[in-house]
There are 2 protein chains.
Amino acid sequence: MMLVTRSKSIVEQVNEVLRERIRNATYAPGLRLPSENGLAEEFGVSRATIRTVLAKLSVEGLILRRQGDGTYVNERILEVNTHLGGLWDFSRLIESSGFSSSIKALSLQETTATEEDARILAIKAGDKLLWMKRLFLADEKPVILANNFIPCSFLNCPVEEINGQLHIREILQRYFQQRISFAVTEISSSNSKESFNELGNELSLNLKMTFYSEENQPLALGNSYFNDTFLRLRLVQAWA
Amino acid sequence: MMLVTRSKSIVEQVNEVLRERIRNATYAPGLRLPSENGLAEEFGVSRATIRTVLAKLSVEGLILRRQGDGTYVNERILEVNTHLGGLWDFSRLIESSGFSSSIKALSLQETTATEEDARILAIKAGDKLLWMKRLFLADEKPVILANNFIPCSFLNCPVEEINGQLHIREILQRYFQQRISFAVTEISSSNSKESFNELGNELSLNLKMTFYSEENQPLALGNSYFNDTFLRLRLVQAWA
DNA sequence: CAGTGGTCTAGACCACTTG
DNA sequence: AAGTGGTCTAGACCACTGT
């Protein structure tokens with residue numbers, strides 16, 4: 001089997017195919033996948049390539065591997081599926097919980113950085129920020145209130161032209177020419193009024209995020225409220 | 001440089017050495033590490049081996065890698081260091097936040113499984129469970145109240161002989177001959193009375209965990225309360 | 001341009017599980 | 001004994017970054 005597309009790496013392509021086969025039960029829950037050699041032969045790639053794909057799926061908890069035995073589909077994870085790479089992508093989180101997801105932009109406007117914002121973003125207090133206040137809906141029900149703050153210094157178009165439906169990664173890429181490399185998220189409990197007003201629930205999870213570039217520059221802040229009476233925040237942790 | 005110990009893999013050994021060098025600033029924060037070829041030569045291993053080590057450190061956010069440039073120590077992560085593999089290890093979480101950690105066992109006793117417990121653990125309601133109620137202290141201050149429930153069927157000694165200071169992974173290994181392969185954690189906000197009594201704070205994070213074996217059998221439950229007014233729950237997420 | 005990390009191959013040997 | 005995943009090597013070529 002040939003895979004020719006140049007833009008995506010072989011690892012990514014095989015990863016997507018295997019993921020899809022697990023999702024649509026071509027590889028049934030709880031049952032065994034073909035061996036590494038079998039997969040390598042089918043895709044016409046080396047065993048090492050197959051192994052890097054399987055290692056990724058294993059870290060996410062999607063498959064379980066047993067030396068001397070085989071690789072199995074982890075049926076317990078199929079209904080959970082909020083693995084760790086997906087935490088800051090609220091749309092994926094909602095969809096993997098079995099809901100349809102949509103975004104309602106409440107406001108996109110300029111504001112100025114507080115002392116606290118400035119310190120974290122390594123800018124000056126009073127500098128201009130883009131402030132996005134958005135509501136993530138699961139089956140039309142508001143579940144996450146997300147505030148994002150991005151320094152305007154790299155903004156390449158008027159605020160009005162920004163598409164508020166996009167994911168923060170895409171917004172940073174398209175309008176600021178910046179790529180997120182990693183993020184730090186602080187999770188705490190909250191009983192804020194802001195959360196109550198928009199989500200109809202006073203008690204919620206508060207997620208404070210900071211996004212950084214490959215060069216370790218702070219790119220953006222997030223301050224979100226998560227209605228955990230409706231949506232569950234589940235993490236899968238695979239050991240070794 | 002020769003590495004001869006057989007018990008630990010080369011990857012593990014190199015991993016520990018590099019980790020230590022980053023921790024003690026042999027590789028200073030923000031500065032560049034030796035190249036892959038340089039490290040491979042120093043340790044006398046292949047470049048592929050070095051790359052698997054660097055990949056692990058990169059996923060944890062400890063280093064940043066830039067094609068065509070080099071590998072850098074991520075100085076922002078040094079003070080955070082609650083990467084995702086470490087979430088369920090409360091002692092490590094406390095220590096990496098800069099506190100000394102200790103465990104106070106409040107009670108270790110037998111109890112019987114509720115309907116809910118039995119369903120999750122795939123046993124029968126009324127079956128015997130070991131119930132451990134423990135307090136994790138950060139600098140002598142209680143920050144986490146942890147309840148664990150483990151089916152007694154595999155218990156190989158009297159309850160009295162169990163060392164309540166051990167980590168749940170060690171307890172399962174030593175007294176039950178079971179190894180944790182992965183875990184699912186559900187995070188929510190809570191205002192339970194139980195949390196208030198032991199932690200002195202009504203508002204807290206509730207962590208519900210289920211631990212599974214390599215064979216996908218549920219091994220244990222956890223129901224913990226996390227005082228986030230004192231300790232921070234921070235996650236690092238590295239993208240690809 | 002030289003040097004870096006990113007990708008991929010082909011093959012060796014080992015440890016383990018299952019029939 | 002046969003087949004599985006686990007570890008490691010040596011080397012090739014590519015994409016990208018700095019100077």
Side-chain angles (χ1 to χ4, degrees), chain A residues 1-16 18 27 31-59 62-74 177 179 181-182 213-216 238-240, chain B residues 1-16 18 27 31-59 62-74 179 181 213-216 238-240:
Chain A
M1 174 176 174
M2 273 300 293
L3 299 167
V4 280
T5 313
R6 281 277 169 273
S7 56
K8 289 198 176 182
S9 71
I10 297 180
V11 166
E12 281 176 285
Q13 295 175 58
V14 175
N15 191 310
E16 285 171 11
L18 293 189
Y27 301 144
L31 294 191
R32 193 155 69 170
L33 269 66
S35 73
E36 297 180 348
N37 283 322
L39 290 170
E41 196 172 341
E42 179 196 343
F43 288 101
V45 300
S46 78
R47 189 181 154 218
T49 303
I50 292 293
R51 276 187 66 77
T52 65
V53 175
L54 294 180
K56 283 171 195 277
L57 298 178
S58 175
V59 165
L62 217 56
I63 57 175
L64 297 171
R65 321 197 66 195
R66 293 200 278 280
Q67 181 174 155
D69 185 355
T71 302
Y72 294 80
V73 177
N74 185 354
Q177 282 79 49
R179 275 190 29 150
S181 172
F182 70 99
S213 74
E214 213 175 26
E215 291 80 25
N216 222 331
W239 142 274
Chain B
M1 174 176 173
M2 272 300 294
L3 298 166
V4 280
T5 314
R6 281 280 168 271
S7 55
K8 290 198 177 182
S9 71
I10 297 180
V11 167
E12 281 177 283
Q13 296 176 57
V14 175
N15 192 310
E16 285 171 12
L18 293 189
Y27 300 144
L31 293 191
R32 192 155 68 169
L33 269 67
S35 72
E36 297 181 348
N37 282 323
L39 290 170
E41 197 172 340
E42 178 198 342
F43 288 101
V45 301
S46 78
R47 189 180 156 220
T49 302
I50 293 293
R51 276 187 65 77
T52 65
V53 174
L54 294 179
K56 283 172 195 277
L57 298 178
S58 175
V59 165
L62 217 56
I63 57 175
L64 296 173
R65 319 197 67 197
R66 294 201 277 280
Q67 181 173 155
D69 184 355
T71 301
Y72 294 80
V73 177
N74 185 353
R179 276 190 28 152
S181 171
S213 74
E214 212 176 27
E215 292 79 26
N216 222 330
W239 142 274

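These numbers come from a predicted model, not from an experiment. Naming: A, B, ... by sequence-line order, numbering from 1 per chain.
Look at CG on B/Asn37: it is 16 Å from P on C/dA2, rounded to the nearest Å. Protein atom CD of A/Glu41 is 14 Å distant from nucleotide atom C1' of D/dG3, rounded to whole Å. Put simply, NZ on B/Lys8 is 17 Å from C1' on D/dT7, counting in whole angstrom units. Here the P atom of nucleotide C/dC8 and the CD atom of B/Glu36 are 15 Å apart, to the nearest Å. Between A/Leu33 atom CG and D/dG3 atom P there is a gap of 19 Å when expressed in whole angstrom units. In this structure, CG of B/Leu39 is placed 12 Å from C1' of C/dT4, rounded to the nearest angstrom. Separating the CZ atom of B/Arg65 from the P atom of C/dT4 is a distance of 12 Å, rounded to the nearest angstrom. One can place CG of A/Leu64 at 18 Å from P of D/dT4, the figure rounded to the nearest angstrom.
At a threshold of 4.0 angstrom between heavy atoms, the contacts of B/Thr71 are confined to the sugar-phosphate backbone, with no base atom among them.
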For nucleotides 9-19 of chain C, read 5' to 3', which letter fits each nucleotide if B means a protein heavy atom sits under 4.0 Å from the base, S means only the sugar-phosphate is that close, and - means neither? B--B--BBBS-

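For B/Ser35, the side chain to side chain contact (heavy atoms under 4.5 Å, CB included) partners at least two apart in sequence or on another chain are B/Asn37. Taking the salt bridge (charged side-chain N to carboxylate O under 4.0 Å, His left out) definition, one finds that A/Glu16 meets it with A/Lys8, sequence neighbours left out. Residues passing the side chain to side chain donor-acceptor pair (under 3.5 Å) test with A/Glu36, sequence neighbours excluded: A/Arg47, A/Arg51, A/Arg65. B/Thr52 is linked by a side chain to side chain donor-acceptor pair (under 3.5 Å) to nothing, counting only residues two or more places apart in sequence or in another chain. Under the side chain to side chain donor-acceptor pair (under 3.5 Å) criterion, A/Arg66 pairs with A/Asp69, not counting sequence neighbours.
When distances run from any side-chain atom of B/Arg51 to the nucleotides C/dG5, D/dG5, C/dC8, the shortest one goes to C/dG5.
Atom CG of B/Leu31 and atom OH of B/Tyr72 lie 9.0 Å apart (nearest 0.5 Å).
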